[in-house]
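Working notes, structure below.
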Amino acid sequence: NITNYLKREGKLLVTVDLEKNTYDLFNNNSNGLEADHIDHGTLNDLKNEISENNFIEQECKIIREISQNNLDVAFLIFQKV
């Protein structure tokens with residue numbers, strides 16, 4: 001559990017791939033098979049799970065205009081409480 005490694009008020013930086021123009025987590029595993037987003041959830045699911053583990057979201061930025069790419073990227077900053 002990451003909370004064991006961060007001091008109080010420590011920062012957790014997270015980047016996650018999203019399916020293009022959605023908030024669905026993008027999964028592309030090593031064998032090239034993409035799983036259904038229901039299996040992996042949404043950006044809000046991820047935020048909620050992290051928040052339930054004593055972190056407060058400080059920032060969330062989504063980059064949607066990545067040229068020649070079929071996904072978007074979310075950058076998140078959480079602080080441990």
Does the side chain of [X] reach to within under 4.5 Å of the side chain of [Y], using non-hydrogen atoms?
{"X": "Ile77", "Y": "Leu12", "result": "no"}
{"X": "Lys20", "Y": "Asn70", "result": "no"}
{"X": "Cys60", "Y": "Leu43", "result": "yes"}
{"X": "Leu18", "Y": "Ile62", "result": "yes"}

Go through Leu13 and Leu76 one step at a time and tell me if the side-chain contact (heavy atoms from CB on, under 4.5 Å) criterion holds. CA-CA 6 Å; Leu13 308 176; Leu76 302 116; over 6 Å; no
Could you tell me the separation between the [atom1] atom of [X] and the [atom2] atom of [Y], rounded to the nearest 0.5 Å?
{"X": "Ile50", "Y": "Phe78", "atom1": "CD1", "atom2": "CZ", "value": "4.0 Å"}
{"X": "Glu19", "Y": "Leu25", "atom1": "CD", "atom2": "CG", "value": "8.5 Å"}
{"X": "Gln79", "Y": "Arg8", "atom1": "CD", "atom2": "CZ", "value": "9.0 Å"}

Report the residues that fulfil side-chain contact (heavy atoms from CB on, under 4.5 Å) with Ile56, sequence neighbours left out, ordered by chain and then residue number. Val81
For Asn21, enumerate each residue passing the side-chain contact (heavy atoms from CB on, under 4.5 Å) test, keeping only those at least two apart in sequence or located in another chain. Arg64, Asp72
By salt bridge (charged side-chain N to carboxylate O under 4.0 Å, His left out) - contacts of Lys11 (at least two apart): none
Partner set under side-chain hydrogen bond (donor to acceptor under 3.5 Å, both in side chains) for Asp45, not counting sequence neighbours: Thr42
Taking side chain to side chain donor-acceptor pair (under 3.5 Å) as the cut-off, I'd like each qualifying pair that reaches into residues 48-57, sequence neighbours left out, listed once. Lys47-Glu57
Keeping Lys80 on the side-chain end and Leu6 on the backbone end, is there a donor-acceptor pair under 3.5 Å? yes
